[in-house]
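So you know, we letter chains A, B, ... as the sequences are listed, proteins then strands, and number each from 1. Every value quoted in this text rests on a predicted model; they were computed, and no experiment measured them.
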Amino acid sequence: MTETEVRERVRSLLQKIHPDDPGATAVDFRGVQFDHGLAFASYPEGLGGLGLSPKMQSIVNDELQQNAKTFYENLAINPIGIGMGAPVLLTYGKDEGKREMLRRIFTGEDIWCQLFSEPSAGSDVAGLSSRAVRNGDDWVVNGQKVWTTLAHVSKWGMLVTRTDPDVPKHDGLSYFLLDMESPGVECRPLYQITGEAEFNEVFLNDVRIPHSRMLGEEGQGWRVAITTLMNERSALGGGASRKGGGPVSLLLKLLQESKVSRSKVEQALLEDRITRLYIRAEMLRLTTLRARATQRSGNPGPEGSVGKVAQSELYQQVWETCIDVLGEDGLIYELGYELRRPGDITSLRSGNDDDETRRLQAKYQLLRSQANTIEGGTSEIMRNILGERVLGLPGEPRVDKNIAWKDVPRG
Amino acid sequence: MTETEVRERVRSLLQKIHPDDPGATAVDFRGVQFDHGLAFASYPEGLGGLGLSPKMQSIVNDELQQNAKTFYENLAINPIGIGMGAPVLLTYGKDEGKREMLRRIFTGEDIWCQLFSEPSAGSDVAGLSSRAVRNGDDWVVNGQKVWTTLAHVSKWGMLVTRTDPDVPKHDGLSYFLLDMESPGVECRPLYQITGEAEFNEVFLNDVRIPHSRMLGEEGQGWRVAITTLMNERSALGGGASRKGGGPVSLLLKLLQESKVSRSKVEQALLEDRITRLYIRAEMLRLTTLRARATQRSGNPGPEGSVGKVAQSELYQQVWETCIDVLGEDGLIYELGYELRRPGDITSLRSGNDDDETRRLQAKYQLLRSQANTIEGGTSEIMRNILGERVLGLPGEPRVDKNIAWKDVPRG
Amino acid sequence: MNFEFSEEHEDLRRTVRQFLENESNETAVREMMAEENGFSREVWARLSEELGLAGLIIEEKHGGAGFGMVELAIVMEEMGRVLLCAPFLSSAVLATSAIELGADASIQADLLPQIASGEKTATLAFSEAGDPWNLGKIEMTAAANGDAFKLSGQKTFVLDGRSANIILVAAKVGSELTLLQVDEDAAGLTRESLPPLDPTRKLATLRFDHTPAKRIASVDVRGALEQSIQRTITALAAEQLGGAQRCLDMAVDYAKSRLQFGRPIGSYQAIKHQCADLLVEVELARSAAYAAAFSADDKGADIAAAMAKSFCSETYAKAAKRNIQIHGGMGFTWEHPAHLYLKRAKASEIIFGSPSLHREKVARSVGISAA
Amino acid sequence: MNFEFSEEHEDLRRTVRQFLENESNETAVREMMAEENGFSREVWARLSEELGLAGLIIEEKHGGAGFGMVELAIVMEEMGRVLLCAPFLSSAVLATSAIELGADASIQADLLPQIASGEKTATLAFSEAGDPWNLGKIEMTAAANGDAFKLSGQKTFVLDGRSANIILVAAKVGSELTLLQVDEDAAGLTRESLPPLDPTRKLATLRFDHTPAKRIASVDVRGALEQSIQRTITALAAEQLGGAQRCLDMAVDYAKSRLQFGRPIGSYQAIKHQCADLLVEVELARSAAYAAAFSADDKGADIAAAMAKSFCSETYAKAAKRNIQIHGGMGFTWEHPAHLYLKRAKASEIIFGSPSLHREKVARSVGISAA
């Protein structure tokens, strides 16, 4: 199908149902979009796609944005379901019900979450200690998961858990789809530095999962999970924002709006720091563009991998510099630390419209951005990856290889 | 002996021979000083000392400086002999000839050098691969040493070499005193980034050393060497300079003398950078003072260990900032890169008298200081030491323990 | 410079540490920081009566312990270590110094014993919006009203401004800077808590509307207040040191016990060297803080204080961030105390002027920049 | 922005790399850097004839290859990788651009073919002591002498100023900035080599004493020279990138092969993460250098050039220093090439203005500081 034909198909979708129509809900519209094969353009027909090249999806989105005011961001509808759940389901899902599940992912009727991390397994995800024991046609799961975004509103959880403790740690894991409404699943908010709970702790007490909900084979959970994690890292690696966009543009505006009294030296220091950050952000943006170009050329280089570590550290510096621009105003934290689910505050993340929002956002992000260099792979782990996978430097001696998981020291 | 008595004894020495007397050479004067037990105050009587507390030596030096214009710095006379050779000789030397050797060390008649490092053993000194094989009453040594200061003018070399390759690497080393005039010892200058050769490569081809010149027992070379290395590290860790002294004061003067045209922003940036360096240098100086205080109190803390890593990195930054102060003048390197032994250039290291010397010193040190974070223990190794010995963090898994040296991969 | 702590100093440190480990443990800190006034009167009373801390630097004739800046630094370092929630900096350091150095003798004799006993807490309101740390920019003027005065206007970033019983205000009378005292329940006084970045230290805005005030200094107090702020900064640097050291300790402890890939994360150089770097910074900061305290009465004390404030501020912020990073996900949860240190660190960095402001002072004094 | 190199671009890179690996290996570099003029006329001739590099950006009608800034960046990156000792930057970039953009057409037709063929090398002498990179501060004035002119005074930091056959001088005639040409053997001309920090790129001071000169531009050349310098900076940034990448490669290779404590030093995070950090910096610098080249004809090219020069300068210096550190003792010996890259890096950072100077330009253009 050519680009023109794809655009044509989008327009025929819009004739059937239009997102700006007040009667058409997101679920309504995206359901029909799925049925037209315009949800995941590269998926097979009947599963929300048309078997096209992956980049055709951006044509679809472009055409949608050109012809409607309302545009549903996947990230807002069902970030984990669409970003990670759908690809895993596509590759490993059983045929029965697969179409319906993909459709409900895309419409947002079923929110998905990812049950990977555990208290004892941070960077070392394969060190998971939650256990599933076979019992007839079911598996009975016990353990604790952490850092699970959206678990409290999710229908399905992608669960990786240990089914065999007697083999080396990567080999004893299996991958399940867990119905989050099952008895024994308990979600507790995990409050962060800001007082918000973006994440949950999920406790699993004798939770039963039918064997048929295992994705991939028994013991292949790590391989299935890797696919998902790769998707997560590239998602967090950061899209290319437009020139002069993102946190740095907020910083520039804060500086221009600043009425703080400062000496010439302080002003000069701030200006140079901000210029450095501006240039670095611009270089990062260009590097992402280069990464896309080399990916298109089928000859991907190291540009993509540098994104996560560079961006997370850059943004931390940007927010800190914002606070320095604010001067003594930084002593005040208007948002308060009440423990709560993210709501209004989260909306600050994209807001950049007026000086008041900018001030609050900078303060919020000073705190929130501390997690940037931890979540989705710590900077330490990312540098190992750059060193080992990109530069080909040798790994460290491993003390946890080729021994049964139960014999590996952990804590 | 009380402080007063020590001062008294120094004055009686000066009545016998005075360093300002044009007829008294350094060798003459220091010989008599040794005979008076005022060379190494803590050593036993007859070996250049009086069996006093080590700090009494500073009383001796103080009294000497107060009563004579000429004061011989140990560092200029025989740095390795006095700093490292004498203590090792004192502890491990055989009685015969010990007194005479110590005396000739102190007078500078016999210059000493240290033959530890090898091309394949940088940070991992115990990985040495030069070999000594027993042959009758002698050992026959083959191998190559590097980074040996003063080897080309030395009478004695402190040699650590492998006498048994079949035991783990620390266990197969022995320590010898090598007569540098022995047949088969060949010194070649090792030129550095500046074109100077401060160091030598020393090639050992079938060099014979009498067994009697072994210090400590066979296989105990590592233990003997450790003593020496500790002395080296504390020597390089840097004495406390006076307030506002050292490289930073040179930097301040360069800034004050600078006629480079720069914008207000550039000027402000430079000033703040220099202020940071000034403050850091001052904190380092104070930390050395604190280290002395806690050492005196018999309760040494971590202050001493931070010196090497902090100072070497600070000084590199200071010299680089000097070049930035010089502006375009930094493009010119008047000293040239002719390959040579250190001479006039070395004298720049302490010179700080006129703007021309300062300019040249800054340029020279920009290059020379690159070695600061390598020589005497790389910053990486020093951080391991801080992490493991001071903070008590666990070591890395070791692949070279408890296996025969010959089976350890190296290169 | 002499850097040696005496046996008495070590005793003081041990006593204070023991008290604080009981009375200012994490539970207590979390409880206090959730309260608007942010401290427990009962603990304050015990801290005053049992340890004499409320009057630590108040002369004995006024009921204090009569200690100097070295003892103050020791106490602040220990308080910083546990994030004590109490009006110590405001009452026992800043306001006490202002009274001692600026107020008339009769006032000293009246107020200092009340402060030293812990019965009342005091604060000094001097900051005004715009250029808050600059005494030269104070614009509030006290209007004479017979023997008394009236104040109108606003002071902000007032340490423990909502809870203080004795409220001192720096304001102008003609061209002179003077000190005035305002009653807690004076007419026209409103005290509004500011939502603080650092919930363990409370700030307020004080509004005055023809509020009656009593002048308590007969001479210009500019120099006295500058010296009071200098003492406060010196004390704060010691507090920052204590916090930074605690962050390093927490990070090292965690790095020893947390296992990943089968071994302690502290055995990896990525973590080990971060800790080693932090050790270097903390030891340099220690020199900065102690030097400022030991030389507080010497010439150049202002520069020592400026160096300490700028260096300790940056070290504490770095230590607090590294501690979070080394703790990984756990480090940015609410339930782990790491974030409390970050918030304290950032707020301490800002209050009384940024590191670069203090570096400029140093730069002028050593001739790096034109005076 | 399009960042894609074409197949022809890759061919050019391969050809140049192959040539340089033979003709500018380490032995050749060390030989050339020891010579006063610092390059081999024979290699320059082959580089011009076989690869057409001397006339790379000269239009075909003047005997050049007619390439643009992207091809120039590719070539400079390769040259930077091996520290080629040759008057490429001076003759093929700076002087060529000055002639193309500033000189009269008849002069272009005369000089450019001689440069393109490699027969002659050219340089532009514009820097004067005091504020050398600022065209607005040029004070040398050409005195009219009938149809001809006479020059007196001094130009410094002239790239390959001692060896160049065609000497262009920027000087004032009245209030106009113009270009003049001076013969190699002109009366009153003395050319003195400066001892360079970077021995692989030669600099000279040129002294003029009533030296006859021919005016070769009829209009003011300020804009033309600014653009020539901009091109030179863009090319230099690509050269810096090539050098930085080479330092990273050397460090990584060494880290893989050097064993300590029984394993490669690159398996230690202390070394591995230094390499990883450098990789990040080099990739960002690559974006900076390529963006400046790809956008050289667009609006904002001056800012792209300024960003590239400042970013690539700092990256190269960092890479050169890290490379020495990772090599340990070996890294600061004369016999190892690591130091040559450090010297090139530092000199390239200084020439044509410091990173902070270029950042100021960026700051003004995006409104961070007042214009």
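In this structure, Lys343(C) is positioned above the aromatic face of Tyr337(A), its NZ or CZ under 6.0 Å from the six-membered ring centre and within 45° of the axis.
Heavy-atom distances place the side chain of Phe157(C), and not its backbone, under 4.5 Å from chain A. In this structure, the portion of Met330(C) lying under 4.5 Å from any heavy atom of chain A is its backbone and not its side chain. Interface remark: Gln325(C) contributes backbone and side-chain atoms alike to the contact with chain A (heavy atom separation under 4.5 Å). Using a 4.5 Å cut-off between heavy atoms, Ala197(A) does not touch chain C at all. Only the side chain of Leu342(C) comes within contact range of chain A, judged by heavy atoms closer than 4.5 Å. When heavy atoms are compared at a cutoff of 4.5 Å, Leu203(C) approaches chain A solely by way of its side chain, counted from C-beta outward. The contact between Ser379(A) and chain C is made by backbone and side chain atoms together, counting heavy-atom distances below 4.5 Å. Contacts of Leu340(C) with chain A are absent, with no heavy-atom separation under 4.5 Å from either backbone or side chain. Proximity to chain C is absent for every atom of Asp407(A), based on heavy atoms less than 4.5 angstrom apart.
Top candidate by heavy-atom pairs under 4.5 Å with chain C, chosen from Gly195(A), Gly327(A), Ala371(A), Gly127(A), is Ala371(A). With respect to chain C, the highest number of heavy-atom pairs below 4.5 Å among Glu396(A), Lys259(A), Arg398(A), Glu334(A) belongs to Glu396(A). Your options are Glu328(A), Lys169(A), Lys363(A), Gln370(A), and the one with the most heavy-atom pairs under 4.5 Å with chain C is Glu328(A). The most heavy-atom pairs under 4.5 Å with chain A, out of Ala347(C), Pro196(C), Ala270(C), come from Pro196(C). Per-residue heavy-atom pair counts under 4.5 Å with chain A were compared for Pro132(C), Pro264(C), Ala317(C), and the maximum is reached by Pro132(C). Heavy-atom pairs under 4.5 Å with chain C peak, among Val146(A), Leu339(A), Leu269(A), Ile323(A), at Leu339(A). Interface check for chain A: of the options Phe261(C), Phe332(C), Tyr268(C), the most heavy-atom pairs under 4.5 Å are formed by Phe261(C). Among Gly328(C), Gly353(C), Ser257(C), Ala129(C), the residue with the largest count of heavy-atom pairs under 4.5 Å with chain A is Gly328(C). Of the residues considered (Ile193(A), Leu326(A), Val265(A), Leu190(A)), Ile193(A) shows the highest number of contacts with chain C, using heavy-atom pairs under 4.5 Å. Here Leu331(A) is the residue among Asp400(A), Leu270(A), Leu366(A), Leu331(A) with the most heavy-atom pairs under 4.5 Å with chain C.
Side-chain contact, Ser263(A) with Glu360(C): a donor N or O sits under 3.5 Å from an acceptor N or O. Using modelled atom types, one finds no donor on one side chain facing an acceptor on the other under 3.5 Å when comparing Ser130(A) with Gln144(A). There is no side-chain donor-acceptor pair under 3.5 Å between Glu198(A) and Tyr191(A).
Taking CG of Leu225(C) as the start and CZ of Phe126(C) as the end, the distance is 8.5 Å to the nearest 0.5 Å. Atom OG of Ser313(C) is separated from atom CZ of Arg359(C) by 9.5 Å, given to the nearest 0.5 angstrom.
Ion pairing between Arg344(C) and Asp198(C) holds under the 4.0 Å rule for side-chain N and carboxylate O. Residues Glu313(A) and Lys308(A) are not paired through a salt bridge, judged by the lack of any N-O separation under 4.0 Å between the basic side chain and the carboxylate. Ion pairing between Glu320(A) and Arg273(A) fails under the 4.0 Å rule for side-chain N and carboxylate O. Between Arg383(A) and Glu380(A) there is no salt bridge, since no side-chain nitrogen of the basic residue lies less than 4.0 Å from a carboxylate oxygen of the acidic one.
Side chain of Arg258(C) to main chain of His327(C): no donor-acceptor pair is present (N/O by atom type, distance under 3.5 Å, no hydrogens or angles).
Using cut-offs of 30° and 60° on the angle between ring planes, the pair Trp147(A) and Phe199(A) is perpendicular.
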